Amino acid sequence: MKFQKNRLMGWLLALVLPAGLLVNSAVADEGTVYTIGVVPQFDSRKILAIWRPILDEVEQQTGIRLRLQGSPSIPRFEKEFQAGKFDFAYMNPYHMLVANNDAGYAPLVRDHGRQLHGILVVRKDSPITDLTSLQGKIVAFPAPNALGASLMMRAELQGERKIDIEPNYVKSHTSVYLNVVTGMAAAGGGVQKTLSQQPAEIRDSLRVLHRTTKVAPHPLAVHPRVPAGVAEQVQQAMLSLGESEAGKLMLSKIPMKQVGIATLDDYTPLKKMGLEPFYVKD
């Protein structure tokens, strides 16, 4: 099946059951509500605006009830998925490895239309033109473990290139860009999607100095306590969304340009990137 080996028997059982029985077993307990956590790259209102229509469509297709469960910060989100708090969770690629190791989460779907990479921005009028000029400088990041924006970036700057920077964690991508524009930081880590969503006066005041290696993007993952039939239906509903123009538009806001099945093997290359020394784990 698509998930880890210790769940193989459960998924094989789901495969041999008729589709109608899967639906019935998933909704037999009408009081069950499954939670979904989303890594807080954006503020809570924006996350709700992006995800609630998608979850409504999944509910309509499957009869499975889904509740969006917010986290006030990326570090809080990390603590919550490590404790297995969410039934489903949308997380960054390195989170996927940690969540699988700590709580048994398995990936369901991801974007097959793009890859994730971090960007390092400076003011457009900054004299900084190469990474070595950042030696000893303050560099803003949203959180220690934001993958492209912080974790991969710090591993490349401090690990590979041995550039001694002073990290400043400012909680959000928007704050990173504001810190750079106002001169509170010499540079800042982000991703192309969040930069493109900034107001023109912020976006046009910045230039990209560096881009990290590309990796498979964020998956939607499932906790092992979720019944196999329920996980299978949610996965299929997400894939079905990608087959209609209206569904593609919803998914593009996550962003997922081309939704497809995700496997744990998609994320194993991250193990060779030297990220572990830079991952902050309470």
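Just so you know, these numbers come straight off a predicted model, no measurement behind them.
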Engineer: Can you name the ring-ring contact (aromatic ring centres under 6.0 Å, His included) partners of Tyr177, sequence neighbours left out?
Structural biologist: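 So Tyr177 forms no ring-ring contact (aromatic ring centres under 6.0 Å, His included) with any residue.
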
Engineer: Could you please spell out the steps behind the side-chain hydrogen bond (donor to acceptor under 3.5 Å, both in side chains) verdict for Glu156 and Thr212?
Structural biologist: CA-CA 7 Å; Glu156 290 190 9; Thr212 68; 4.6 Å; no

Engineer: Which heavy atom of Thr62 sits nearest to which heavy atom of Ala237, and what is that distance?
Structural biologist: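 Thr62 and Ala237 have their closest heavy atoms at CG2-CB, 3.9 Å.
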
Engineer: If you measure from NE2 on His210 to CG on Leu134, what distance do you get to the nearest 0.5 Å?
Structural biologist: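 If I round to the nearest 0.5 Å, the distance is 10.0 Å.
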
Engineer: Which heavy atom of Leu66 sits nearest to which heavy atom of Leu55, and what is that distance?
Structural biologist: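 Closest approach of Leu66 to Leu55, heavy atoms only: CD1-CD2, 4.0 Å.
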
Engineer: Show the atom names and distances, to 0.1 Å, of all donor-acceptor pairs under 3.5 Å that link a side chain in residues 141-149 to residues at least two apart or in another chain.
Structural biologist:
from: Asn145; atom 1: OD1; to: Val280; atom 2: N; distance (Å): 2.8
from: Asn145; atom 1: ND2; to: Glu78; atom 2: OE1; distance (Å): 3.0
from: Asn145; atom 1: ND2; to: Glu78; atom 2: OE2; distance (Å): 3.2
from: Asn145; atom 1: ND2; to: Val280; atom 2: O; distance (Å): 2.7

Engineer: Taking the six-membered ring where the residue is Trp, are the ring centres of Phe86 and Tyr34 under 6.0 Å apart?
Structural biologist: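 When the ring centroids of Phe86 and Tyr34 are compared, they turn out to be at least 6.0 Å apart.
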
Engineer: Would you indicate whether Lys46, at its atom NZ, is surrounded by more than 12 heavy atoms from other residues, nucleotides or ligands within a distance under 6.0 Å?
Structural biologist: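 Correct, the count exceeds 12.
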
Engineer: Does the side chain of Ile165 reach to within under 4.5 Å of the side chain of Gln135, using non-hydrogen atoms?
Structural biologist: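 No, their side chains stay 4.5 Å or more apart.
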
Engineer: Quick one, Arg110 with Asp266, criterion salt bridge (charged side-chain N to carboxylate O under 4.0 Å, His left out). Give me CA distance, side-chain angles, the key distance, then yes/no.
Structural biologist: CA-CA 10 Å; Arg110 67 170 176 89; Asp266 295 335; 2.9 Å; yes

Engineer: Say you draw a straight line from CG of Asp164 to NZ of Lys162; how long is it, rounded to the nearest 0.5 Å?
Structural biologist: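 If I round to the nearest 0.5 Å, the distance is 11.5 Å.
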
Engineer: If you compare all heavy atoms of Tyr267 against all heavy atoms of Pro219, which two are closest, and at what distance to 0.1 Å?
Structural biologist: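 The answer is OH-CB, 3.3 Å.
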
Engineer: Between His95 and Tyr279, how do the two ring planes meet: parallel, tilted or perpendicular, split at 30° and 60°?
Structural biologist: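 Rings of His95 and Tyr279: perpendicular, as their planes differ by over 60°.
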
Engineer: Determine yes or no for a side-chain-to-main-chain donor-acceptor pair under 3.5 angstrom, with Ser252 supplying the side chain and Pro255 the backbone.
Structural biologist: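 Checking the backbone N and O of Pro255 against the side chain of Ser252, no donor-acceptor pair under 3.5 Å is found.
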
Engineer: With side chains defined as the heavy atoms from C-beta onward, is the minimum distance between Phe81 and Val98 less than 4.5 Å?
Structural biologist: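 When only atoms from C-beta onward are counted, Val98 and Phe81 do touch, with a gap below 4.5 Å.
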
Engineer: When clusters are formed by joining ILVMFWY residues with side-chain heavy atoms under 4.5 Å apart, either directly or through shared neighbours, do Val180 and Ile163 land in the same one?
Structural biologist: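 Cluster IDs for Val180 and Ile163 differ.
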
Engineer: Determine whether the aromatic ring centres of His223 and Phe88 lie less than 6.0 Å apart.
Structural biologist: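 No, they do not, as the ring centres are separated by 6.0 Å or more.
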
Engineer: Which residue in the set Arg52, Arg65, Arg67 passes salt bridge (Lys or Arg N to Asp or Glu O under 4.0 Å) when paired with Glu59?
Structural biologist: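 Going through Arg52, Arg65, Arg67 one by one, the salt bridge (Lys or Arg N to Asp or Glu O under 4.0 Å) with Glu59 is satisfied by Arg52 alone.
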
